[in-house]
Amino acid sequence: MKRSILKPTHRNWLILALIILVAIVILALRWEQTVFWLSRYGIVLRQATVTGLLIGGVYGLVAMGLTLIFGVLGIINFAHGSLMTVGMYLTFVLFTRYGVDPYLSVLITVPVLFGIGLVVQRFIIHPARNAPEHNQLLLTLGLALFIQNFLLVLFTATPRSIRLAYGRGETPIGPFMIDFPLRIWGTTITLPKLAAFVFALALAGGLYLLLQRTDLGKAIRAVAQDRDGAALVGIDTQRINMITFGLGTACVGAAAALVLPFFFVDPLAGDTFNITAFVTVVLGGMGSIPGAMLGGLIIGLTQELGVVLAPSSIKLLGVFIVFILVLLFRPQGLLGVKS
Amino acid sequence: MTLLAIEGLHVGYGDVPVLSGVSMKIEQGEIVALIGANGAGKTTTLKTVSGLLRARSGTVTFTGKPIHTWAPHRIVGAGLVQVAEGRRLFPRMTVLENLEMGAFRPGPKQQRPQSLQQVFDLFPRLAERKKQLAGTLSGGEQQMLAIGRALMTKPTLLMLDEPSLGLAPMLVQSIFEVVRRINQEGTTVLIVEQNAVQTLSMADRGYVLENGQIVLSGEGNALIQDERIREAYLGL
Ligand SMILES: Nc1ncnc2c1ncn2[C@@H]1O[C@H](COP(=O)(O)OP(=O)(O)OP(=O)(O)O)[C@@H](O)[C@H]1O
Ligand SMILES: [Mg+2]
């Protein structure tokens, strides 16, 4: 048997170092072109950075929900995106029928999606708890298909969007008057994207505190770390499964309302977010809550920068490159625990 | 008063039977030892009593109530608590958080500060390492934490599954001391051990499990004198 001198991990680092070296050499040899390119693309790059980070906050929130459910129940919820679509339509209907401001409708979509999550866990996932995990996974896939088609019947495939009546020009934010869109460092920041980012981060922070500080949160972490151990201190693990699924789903309820002012909704709208969230979860480390947020920001950034650097490519190309690199160098994810 | 009565317990994994008709009784205030070779079914017995496994047939009665259909958390709530094999701590939570989780249910939660103080009196080591992640503790410290966490639930009957496993002789001594002290303070104890001499000399009574059946039972000191025990477990 032939034995490699280098350990696999060392070999990976070597590959990365080589790639960076080659990149530096190319940039140095073509210095003039590089400077020209940077001056021309500088603003575009900065804009992409800002946009990427802003949308990344929302990706982080969606991924947090997914990773929370995975950490406790051990299943990838394929219906996560479809449930987000439900939240988006809910926001849409609340806005068009009842004139509810989308940021205010977070107060409705979060509890509603939390409730839907409880019901889905109790009546769809829980009955299959003794089935192999891949069967539970198929169950969530079936649920996703059901929701998508149900929404198709209710709302047709026509993409719909909403327009805020405010957010252009002088806008009162608390006691301040702020001129939107903001222009900072040559970039343009619109109110809907800024609001989505700020609220997403605040909610993610709230969820993190809940998990770290409250007894309920600690019980959730306990079940994720040792289910039998949790049962043996008197924690009702099925109740925790249910609440966790509800909380995870509540995350997309919030994200749904936050993205609608600058996005559109059709029966598949949430699923685009979920594909990103799968990658984000693996990137951040399966089950890691801070990892999900970090991963979300990185994915948002990669996606926007990727479009600028390789304009002809699909949006997700850069994302998958980062994904593959992480799998090579840190298979447990950025903030994941080695198993 | 009979605290726990196990009658005709049949338990298996899949098609493989592991326990075939185990019966035991534990009186209030006792220390009872359950000994047996590797694979005899000791852990399986405790898991079934705790509700983590379901029996094919047989009954488990605790303080007069049939509990063999109850969920584990309800059994803990009734005061029947286990320190499981492998400790089952929450490795990425701190020592303090692990102990707090012991007092998760409403009753014990009210007494949390006093219970914490009692556990820290019993194991000063844990007080020093409050902020440390449980997964980074030494084996002995982990065992202390597992016992401490179980005490936080305010058990009436504490079951311990091989608490001395993998510990240095000095530590084994102090774990046995602690078990004795817990019992003196009013908690009934069921202890599973391979360390037959020491366990039996501490216990009021003992049961010997072999291939899923109780083959011998009696007072602790009497069992130590028993020829069959001496041959099989004491190597004398
Ligand atoms: N999850 C399982 N699936 C299948 N068989 C199992 C499982 N757990 C235990 N067994 C089998 O059941 C039998 C009894 O196991 P058990 O763990 O109860 O023994 P034990 O008396 O606690 O042994 P030890 O002293 O080694 O801990 C063994 O033959 C074991 O292989
Ligand atoms: Mg065992």
Side-chain angles (χ1 to χ4, degrees), chain A residues 64 67-68 70-74 121-122 126-127 129-132 208-244 284-292 332-339, chain B residues 14 43 46-47 49-54 70-94 96-109 112 115 133-135 142 145-155 158-161:
Chain A
M64 253 181 169
T67 211
L68 185 64
F70 174 80
V72 172
L73 289 101
Q121 197 283 332
R122 177 66 189 80
H126 181 62
R129 66 192 173 283
N130 294 326
Y208 183 71
L209 281 183
L210 175 100
L211 290 170
Q212 291 299 319
R213 299 281 168 82
T214 67
D215 268 10
L216 174 66
K218 288 175 192 175
I220 290 174
R221 286 191 289 141
V223 172
Q225 291 177 27
D226 195 319
R227 177 168 294 272
D228 279 357
L232 289 178
V233 295
I235 295 171
D236 182 348
T237 53
Q238 160 51 17
R239 191 168 151 264
I240 294 294
N241 283 350
M242 217 167 124
I243 293 174
T244 304
M286 307 282 279
S288 164
I289 297 286
Q332 75 271 35
L334 294 174
L335 300 184
V337 196
K338 260 191 188 138
S339 56
Chain B
T43 298
L46 293 202
K47 276 191 163 175
V49 172
S50 282
L52 294 173
L53 286 175
R54 286 274 170 254
W70 291 13
H73 64 94
R74 198 171 159 207
I75 294 176
V76 172
L80 176 44
V81 181
Q82 176 183 180
V83 179
E85 192 175 53
R87 292 147 196 162
R88 313 315 296 257
L89 297 171
F90 311 125
R92 294 182 300 288
M93 287 167 76
T94 64
L96 187 62
E97 285 174 327
N98 269 273
L99 291 173
E100 283 172 355
M101 283 298 98
F104 176 76
R105 299 184 68 77
K109 193 183 280 187
R112 204 181 255 176
S115 310
L133 293 185
Q142 290 194 7
L145 181 55
I147 296 175
R149 190 181 68 178
L151 290 177
M152 296 291 294
T153 65
K154 297 277 153 200
L158 184 66
M159 305 190 288
L160 301 129
D161 195 346

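All heavy atoms count here, side chains included; hydrogens, waters and symmetry mates do not. These numbers were taken from a predicted model, which means no experiment stands behind them.
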K.L.:
If you count heavy-atom pairs under 4.5 Å between each of B/R105, B/M93, B/Q82 and chain A, which one has the most?
P.N.:
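Of the options given, most contacts go to B/M93.
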K.L.:
When you check the gap from the basic side-chain N to the acidic O, do B/R112 and A/D215 get nearer than 4.0 Å?
P.N.:
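Judged by the 4.0 Å cut-off on N to carboxylate O distance, B/R112 and A/D215 do form a salt bridge.
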K.L.:
Is chain A contacted by the side chain of B/L89, its backbone, both, or neither, given a heavy-atom distance below 4.5 Å?
P.N.:
backbone
K.L.:
For A/K218, what residues pass the salt bridge (charged side-chain N to carboxylate O under 4.0 Å, His left out) criterion, not counting sequence neighbours?
P.N.:
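A/K218 satisfies salt bridge (charged side-chain N to carboxylate O under 4.0 Å, His left out) with B/E100 once adjacent residues are dropped.
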K.L.:
Quick check for you: among B/M152, B/K47, B/R87, B/K109, which has the greatest number of heavy-atom pairs under 4.5 Å with chain A?
P.N.:
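So the answer, after comparing B/M152, B/K47, B/R87, B/K109, is B/K109.
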K.L.:
How many angstroms lie between CZ in A/R129 and CD in A/Q121, if you round to the nearest 0.5 Å?
P.N.:
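These two atoms lie 9.5 Å from each other.
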K.L.:
Using a 6.0 Å cut-off, check whether atom CZ of A/R213 has over 12 heavy atoms from anything other than its own residue.
P.N.:
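Open: at most 12 neighbouring heavy atoms sit under 6.0 Å from CZ of A/R213.
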K.L.:
Most heavy-atom pairs under 4.5 angstrom with chain B, which of A/D228, A/V233, A/V223, A/T237?
P.N.:
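Answer, by heavy-atom pair count under 4.5 Å with chain B: A/V233.
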